[in-house]
Amino acid sequence: MTDATALPGQPRGGVESGPATARAVNVLAPNASAMTLDGTNTWILSEPDSASAVVVDPGPLDDAHLRNVVDTAEKAGKRIALTLLTHGHPDHAEGASRFAELTGTEVRALDPALRLGDEGLGQGDVISVGGLELRVVSTPGHTADSLCFHIPADRAVLTGDTILGRGTTVVAHPDGRLGDYLDSLRRLRSLTVDDGVHTVLPGHGPVLEDAQGAVEFYLAHRAHRLAQVETAVENGYRSPAEVVAHVYADVDRSLWPAAELSVRAQMDYLREHGLI
C-alpha cells in the first residue's frame, strides 16, 4: 500500500461526500469516469454558524444529485444563497440552470454565457455570504474561463480542474493555453507562500493537505512533459497524434484523445517561444 503522505499534495484518503474543512462540505456527483475520476466534487461553503451557504459547481444535469446537494445543505440548517462556477465544462456546470431553479439563486461565472443574473466573476473579486469570505483567483489555462476560490479562514483554495486531487489536468486546446496555465500555477503557488494556503479542495479526487507540494508537482510535471514534447518534435514526430503515441505511451490509450489536446497546447507554446 502506498503511503498517501508520499504522494504529490498528500491526498486525504478516499473521495466521499462529507465535511472537508470547517467551511467546506463535499457532495460527490455520480459521474465517475476516466476523465472525472471519482466524479465531480460539488462544494457547499458556509460559515459554521451561518444559515446561508454558497454552492460551487453543481455538476452534471442529474436531478437526484442536484436535489441531494439541496438536501445536504438543508439538513445542516442552511439555505443556498448563491451558485458559483469554476468553469463551463459540463461535468461542473451543466446542472447549473436546473440547480438555480431548485434554489432560486443567481449563477455567477467568468463566462457571461454561463451566468444567470447580472453579476459575473473576475480576478480580485471578494464574495461575502453569511459571513463567509471567498476571494476569486483568475486561473486560465485548463480553459480560458477557469477560476479558483480562496477561502482565507480555512487556509484553503477550491481549484476546479486547475489542480486535481489525483493525477494531472488537461490544458484543453484550443480554449486552454499552456502559458496561461503555467502563470496560473505560479499564482496559486504565491497563495501557498504568501497567504498560508495549505489545503486544496479539487473539482475531482481527494482533498490535498499539501497545497504547495501539489503546485510544485504540477509545475515540475509540466516542465518534464514540455521537454519530452520538444525532444519528440526534434526527433521527427511532427503531428500531435505522433507525439502522443511516443510521449504518452505509458498512459491508458483511452486518455490519448485528451492527451492530444494537451500536446497541441504544448506545441503551440513551443512555437510561440521559438523552440520548435
Side-chain angles (χ1 to χ4, degrees), residues 2 4 6-11 14-15 31-41 86-92 139-146 148 159-186 188-189 200 202-206 208 210-211 213-276:
T2 302
L7 296 173
Q10 297 182 17
V15 184
N31 61 334
S33 72
M35 289 298 293
T36 61
L37 304 181
D38 309 84
T40 300
N41 295 329
T86 61
H87 65 297
H89 280 169
D91 56 313
H92 294 257
T139 51
H142 170 67
T143 60
D145 68 330
S146 288
C148 293
T159 55
D161 282 355
T162 299
I163 293 179
L164 304 178
R166 185 171 65 251
T168 56
T169 199
V170 172
V171 178
H173 175 91
D175 185 37
R177 294 176 56 82
L178 181 58
D180 291 343
Y181 185 66
L182 294 174
D183 288 342
S184 293
L185 290 176
R186 297 182 188 107
L188 291 175
R189 180 170 58 187
V200 172
H204 304 278
L208 300 178
D210 177 15
V215 174
E216 296 292 357
F217 169 76
Y218 266 61
L219 285 166
H221 171 79
R222 284 296 165 191
H224 177 64
R225 283 298 195 203
L226 194 61
Q228 287 181 308
V229 171
E230 183 179 1
T231 299
V233 173
E234 290 173 350
N235 289 338
Y237 298 93
R238 299 299 181 186
S239 73
E242 290 173 338
V243 173
V244 167
H246 178 69
V247 172
Y248 291 77
D250 59 336
V251 174
D252 188 326
R253 290 179 70 96
S254 68
L255 299 177
W256 280 16
E260 186 170 331
L261 295 177
S262 188
V263 165
R264 287 180 183 275
Q266 291 175 81
M267 292 176 74
D268 282 353
Y269 178 88
L270 290 168
R271 290 190 193 98
E272 290 165 5
H273 289 78
L275 298 174
I276 61 173

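- Proximity of Arg177 to Pro140: side-chain heavy atoms (C-beta onward) are nowhere separated by under 4.5 Å.
- Formation of a donor-acceptor pair under 3.5 Å by the Trp256 side chain with backbone atoms of Ala241 is not found in this model.
- For Glu260, the salt bridge (Lys or Arg N to Asp or Glu O under 4.0 Å) partners are Arg264, not counting sequence neighbours.
- Note on ring orientation: taking the six-membered ring where Trp is involved, the planes of Tyr237 and His246 are parallel (angle under 30°, cut-offs 30° and 60°).
- For the pair Gly165 and Pro11, the tightest heavy-atom approach, listed with the atom from each and the gap, is O-CB, 4.2 Å.
- Residues Glu272 and Leu178 form no side-chain contact, since every pair of their non-hydrogen atoms from C-beta on lies 4.5 Å or further apart.
- Looking at Val243 and Tyr248, their side chains never come closer than 4.5 Å, going by heavy atoms from C-beta outward.
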Could you walk me through whether Val229 and Leu270 pass the side chain to side chain contact (heavy atoms under 4.5 Å, CB included) test, one step at a time? CA-CA 9 Å; Val229 171; Leu270 290 168; 3.9 Å; yes
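- Leu188 places a side-chain heavy atom less than 4.5 Å from the side chain of Thr162.
- Judged purely by atom type and a 3.5 angstrom limit, Asp210 has no side-chain atom pairing as donor or acceptor with the backbone of Pro8.
- Side chains of Leu275 and Leu226 form no contact here, defined as non-hydrogen atoms less than 4.5 Å apart.
- Ring pair His142/His87 is perpendicular by interplanar angle, where above 60° counts as perpendicular and below 30° as parallel.
- Across Thr159 and Pro202, no two heavy atoms sit closer than the pair OG1-CA, 3.4 Å.
- Going from atom OH of Tyr181 over to atom CD of Gln266 covers 11.0 Å, rounded to the nearest 0.5 Å.
- Closest approach of Val171 to Gly141, counting heavy atoms only: CG1-O, 3.2 Å.
- Looking at Tyr269 and Leu182, their side chains come closer than 4.5 Å, going by heavy atoms from C-beta outward.
- Side-chain contact between Asp91 and His204 is present, with heavy atoms from C-beta onward closer than 4.5 Å.
- With no hydrogens or angles considered, a side-chain donor-acceptor pair links Ser33 and Thr36 at under 3.5 Å.
- Every residue meeting the side chain to side chain donor-acceptor pair (under 3.5 Å) condition with Arg271, not counting sequence neighbours, appears here in chain and number order: Asp268.
- Taking both residues in full, the closest heavy atoms of Gly176 and Ala265 are given as O-CB, 4.3 Å, listed atom of the first, atom of the second, then distance.
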Residues Leu185, Ile163; criterion side chain to side chain contact (heavy atoms under 4.5 Å, CB included); working and verdict: CA-CA 9 Å; Leu185 290 176; Ile163 293 179; 4.1 Å; yes
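- Here the side chain of Arg238 pairs a donor or acceptor atom with the backbone of Val233 at under 3.5 angstrom.
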Check the pair Thr231 / Gln228 against side chain to side chain contact (heavy atoms under 4.5 Å, CB included), numbers first and verdict last. CA-CA 5 Å; Thr231 299; Gln228 287 181 308; 5.8 Å; no
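- A donor-acceptor contact closer than 3.5 angstrom links the side chains of Thr40 and Asn31.
- Residues satisfying the salt bridge (Lys or Arg N to Asp or Glu O under 4.0 Å) test with Arg222, not counting sequence neighbours, are none.
- Counting heavy atoms from C-beta outward, Met35 and Val170 have side chains that approach closer than 4.5 Å.
- Annotation: Arg253, atom CZ; neighbour count of heavy atoms from other residues, nucleotides and ligands within 6.0 Å does not exceed 12.
- Judged by distance alone, the side chain of Asp175 and the main-chain N or O of Thr143 form no donor-acceptor pair under 3.5 Å.
- Atoms CG and OG1, on Asp180 and Thr139 in that order, are 10.5 Å from each other to the nearest 0.5 Å.
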How far apart are the C-alpha atoms of Leu7 and Arg166, what are their side-chain angles, what is the distance that settles it, and do they pass the side chain to side chain contact (heavy atoms under 4.5 Å, CB included) test? CA-CA 9 Å; Leu7 296 173; Arg166 185 171 65 251; over 6 Å; no
